[in-house]
Amino acid sequence: MKIILKNGDEIQAADGASCFSVAQGISEGLARAAVAAKVNGRITDLTSPLADGDTLEIITMKDKEGLEVYRHTCAHVLAQALKTIYPTCKLAIGPVIDNGFYYDVDFKTPITMEDFAKIEAEMKKIIKSNLPIERFTLPREEAIALMSKYHENYKVELVQDLPEGEEISFYKQGAFTDLCRGPHLPSTGKIKAFKLVSIAGAYWRGDEKKKMLTRIYGTAFAKKEEMDAYFEMLEEAKKRDHVKLGKELKLFALLNEGKGFPFFLPNGMILKNLLVDYWRSVHRREGYVEVQTPMIMTRSLWETSGHWDHYKENMYTTKIDGEDCAVKPMNCPGGMLVYKTSPHSYKDFPIRMGELGLVHRHEKSGQLHGLMRVRCFTQDDAHIFMLPEQIEDEIKGVVRIIDEVYKLFGFKYHVELSTRPENSMGSDEDWNAATGALETALKDIGLEYEINEGDGAFYGPKIDFHLEDSIGRTWQCGTIQLDFQMPQRFELEYVGEDGQKHRPIMIHRVVFGSIERFIGILIEHFAGKFPVWLAPEQIKVLPVTDRAAEYAQKLVSEMTALGLRASADLRKEKIGRKILDAELEKVPYKLVVGDKEVEEGTVSVRRRGEGDIGAMEKDKFFALVKEENDSKKIF
């Protein structure tokens, strides 16, 4: 039979040959590295048989899917170890997550992290045994009977909830069998490095009315060196925790009186306003106008936009004068109303309309985290209204802005194209046209991207930008969403060159995403050591003697007049204490001044991370910092 490889080459294979045997025929090295296969675009086990004309891609640990298969198999090894040590425990689910996996388990006697050592020891025995992993399927009633035999009531429930006619598959390794779609590694021995990392509670199926289970988190890597590097990164991340640094640097506060609603302190407001000022300068240059729309608007608006039907559970609602209203979770419906306040001609386009809008979304209390997951945040929104033939140029313009902004802060990034989700509105024709337009723009720009199936907004596909910070973590921030739906739902119009009325096309886009979340990312990216232009306090003047205090205050006044942010530490403390405190505050520059500096009109400069860099004429120092500030250098 004929098999088509990823590169388009065709090879011959024996009828019914498995993916693994074909991999062996290509290369013994490829067969050794193989962990799974992709047949006709679907991930499957290496043992799966092939049919004439199938397309085949061999998956290794270099592929994202390969690492997911590897980690999922490790979750099954964890489950087998738990059943060996705790025979009465009942298994729920064990999926792969970012950087690892977990398994939800119902224990008769609670376990703690102190039990991890013996669980890991049992897992190592299973791995060392190199047990073959075999897949088999059963009809529904036999599947229920098998799981009932093992007293796995959670598995029975899962089987019962499967749609009629769906294949019910199991995986067996040694004496252990688990309900699973797969795929899995060929054997347990292929696992080289793993570790259990934490334990938590989790309601069965996420339902607060159902039983609380024990969730055991773990991670696994192809090599021990990779796992060691991962844990080093986690240790570094702890040091950079934005909640801890935000408190130490007096940037923001998280108070019980406003759970999920951060309080910005004076230093934090300086940082936030610097980002806003920069955003405004870029958008003025790029021809954007700025608007502001109301915080609360009527239910009828949200019904028109589709949010009332598709997003209501995340919205805060109220009544005003007996009328249902909602606090806005997004700025775009208000932007539609702004567009409709004036008639438009094709000559007006593109209209680039920005809004720094405070939006509110209900998040469960357990999901709240610092500035990263909050209930209110400022979106640096913009809505671009345009003609169909302007789509590509406008997308390119937005990509250029996002690229400029991220590079300023020293971020790398990668791009995903997110396609139609299940809970969406609009016709297939509109969705295909919108998705095709985004793909064409990305290809014309030459920007590499991955497809993220089903993760688009309910009204249109989107391009998502994922930042990589200084320790290798990724954050989803910027997005470009092409929308054919809102202009239709709000009956937006313009008069075309033909004198007839037409619907404009629109783009939703953000660069920071959420200013609050972006600040959290920046805190961790820079470990609180902000570049001069972003530092809430840029210079701290430290007088050595009482006689130098007046000179210190004069220096602060001169620097303030130049637009620099400086203060003097006039406490009756030793200079060593003052230097240490300024270092802990992560101030970029410290100026030590005594009688000599007063007499000579100089300053003794200490730069963060470098220590004493010597004496300097004060005007020369002012110019140095002013240039560093105005050029927005990051290092």
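Note on Glu290 versus Arg284: no salt bridge recorded, every NZ/NE/NH1/NH2 to OD/OE distance being 4.0 Å or above. Looking at Glu323 and Lys319, no side-chain N of the basic residue comes within less than 4.0 Å of a carboxylate O on the acidic one, giving no salt bridge. By the 4.0 Å N-to-carboxylate-O rule, Arg420 lies close enough to Asp428 to be salt-bridged with it. Electrostatic pairing of Glu516 and Lys272 counts as a salt bridge here, judged by a charged N lying under 4.0 Å from a carboxylate O. Arg299 and Glu303 are joined by a salt bridge, as a carboxylate oxygen and a charged side-chain nitrogen come within less than 4.0 angstrom of each other. Under the 4.0 Å criterion applied to side-chain N and carboxylate O atoms, Glu236 and Arg473 are not assigned as salt-bridge partners. In summary, Asp483 and Lys462 do not engage in a salt bridge, as defined by a charged side-chain N under 4.0 Å from a carboxylate O.
Taking all atoms of both residues into account, the shortest heavy-atom contact from Tyr311 to Arg361 is OH-CD, 3.2 Å. Of all heavy-atom pairs between Cys477 and Tyr406, the closest is CB-OH, 3.6 Å. In this structure, Trp204 and Ala92 approach most closely via the heavy-atom pair CZ3-CB, 3.5 Å. Minimum heavy-atom separation, Lys529 to Arg608: O-NH2, 3.4 Å. Heavy-atom minimum distance, Asn267 versus Pro536: O-CG, 3.6 Å. Of all heavy-atom pairs between Arg240 and Ser470, the closest is NH1-OG, 3.0 Å.
By the 6.0 Å and 45° rule, Lys501 does not stack over the aromatic ring of Tyr494. Both the sub-6.0 Å distance and the 45° axial angle are satisfied by Arg215 relative to the ring of Tyr102.
His508 is listed as a side-chain neighbour of Met486, based on a closest heavy-atom distance under 4.5 Å. Pro329 is listed as a side-chain neighbour of Trp302, based on a closest heavy-atom distance under 4.5 Å. Taking the side chain as every heavy atom from C-beta outward, Met295 and Val327 approach each other to under 4.5 Å. Side chains of Ile402 and Tyr413 form no contact here, defined as non-hydrogen atoms less than 4.5 Å apart. Within the 4.5 Å cutoff, the side chain of Gln390 has heavy atoms near those of the Leu387 side chain. Leu534 is listed as a side-chain neighbour of Leu275, based on a closest heavy-atom distance under 4.5 Å. Leu564 is not listed as a side-chain neighbour of Tyr589, based on a closest heavy-atom distance of 4.5 Å or more. For the pair Met386/Ile507, a side-chain contact is recorded, criterion being any heavy-atom separation below 4.5 Å from C-beta on.
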Donor-acceptor contacts under 3.5 Å from residues 348-359 side chains, at least two apart:
from: Asp348; atom 1: OD2; to: Ser345; atom 2: N; distance (Å): 2.8
from: Arg352; atom 1: NE; to: Glu394; atom 2: OE1; distance (Å): 2.8
from: Arg352; atom 1: NH1; to: Glu286; atom 2: O; distance (Å): 3.2
from: Arg352; atom 1: NH2; to: Glu394; atom 2: OE2; distance (Å): 2.9
from: Glu355; atom 1: OE1; to: Thr293; atom 2: OG1; distance (Å): 3.1
from: Glu355; atom 1: OE2; to: Thr293; atom 2: N; distance (Å): 2.8
from: Glu355; atom 1: OE2; to: Thr293; atom 2: OG1; distance (Å): 2.8
from: Glu355; atom 1: OE2; to: Lys328; atom 2: NZ; distance (Å): 3.1

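Residue Glu313 qualifies as enclosed at atom CD: its count of foreign heavy atoms under 6.0 Å is above 12.
For the atom pair Phe512 CZ and Thr378 OG1, the distance stands at 11.5 Å (nearest 0.5 Å). In this structure, Leu522 CG and Leu274 CG are separated by 11.0 Å, a value rounded to the nearest 0.5 Å. For the atom pair NZ (Lys626) and CG (Leu562), the distance works out to 6.5 Å, reported to the nearest 0.5 Å. Atom-to-atom distance recorded for Trp475:CH2 and Met372:CE is 3.5 Å, nearest 0.5 angstrom. The distance from the CZ atom of Phe409 to the NE2 atom of His525 is 9.0 Å, given to the nearest 0.5 Å. Rounding to the nearest 0.5 Å places CD of Glu448 at 9.5 Å from CD of Glu450.
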Report task. Would you please test Asn99 and Thr219 for side-chain hydrogen bond (donor to acceptor under 3.5 Å, both in side chains) and show each step? Result -> CA-CA 6 Å; Asn99 297 314; Thr219 192; over 6 Å; no
Query raised in the report: For Leu245 and Asp241, what are the C-alpha separation, side-chain angles and deciding distance, and is it a side-chain contact (heavy atoms from CB on, under 4.5 Å)?
Result: CA-CA 6 Å; Leu245 289 173; Asp241 177 28; over 6 Å; no
Query raised in the report: Can Glu453 and Thr419 be said to form a side-chain hydrogen bond (donor to acceptor under 3.5 Å, both in side chains), step by step?
Result: CA-CA 5 Å; Glu453 294 287 355; Thr419 59; 3.0 Å; yes
Requested in this report: Please step through side-chain hydrogen bond (donor to acceptor under 3.5 Å, both in side chains) for the pair Trp533 and Asn629, ending with a clear verdict.
Outcome: CA-CA 4 Å; Trp533 77 277; Asn629 177 73; over 6 Å; no
Query raised in the report: What do the steps show when you test Lys38 against Glu65 for side-chain contact (heavy atoms from CB on, under 4.5 Å), and what is the final call?
Result: CA-CA 9 Å; Lys38 190 179 285 187; Glu65 298 99 329; 2.8 Å; yes
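Shown are Arg373, Lys259, Arg375; of these, the salt bridge (Lys or Arg N to Asp or Glu O under 4.0 Å) with Glu363 is made only by Arg373. For the side chain to side chain donor-acceptor pair (under 3.5 Å) with His242, the lone residue among Lys247, Arg517, Glu524 that qualifies is Glu524.
Side-chain N or O atoms of Ser514 include none that pairs as donor or acceptor with a backbone N or O of Gln379 at under 3.5 Å. Under a 3.5 Å cut-off, the side chain of Thr341 and the backbone N or O of Val338 do form a donor-acceptor pair. Of the possible donor and acceptor atoms, none in the side chain of His72 sits under 3.5 Å from a partner among the backbone N and O of Glu68. Under a 3.5 Å cut-off, the side chain of Asn273 and the backbone N or O of Met269 do form a donor-acceptor pair.
The aromatic ring centres of His362 and Tyr316 sit less than 6.0 Å apart. For an aromatic pair to be called close, the ring centres must be under 6.0 Å apart, and Phe252 with Phe263 fails this.
Checked against side chain to side chain donor-acceptor pair (under 3.5 Å), Lys443 has no partners two or more places apart in sequence or in another chain.
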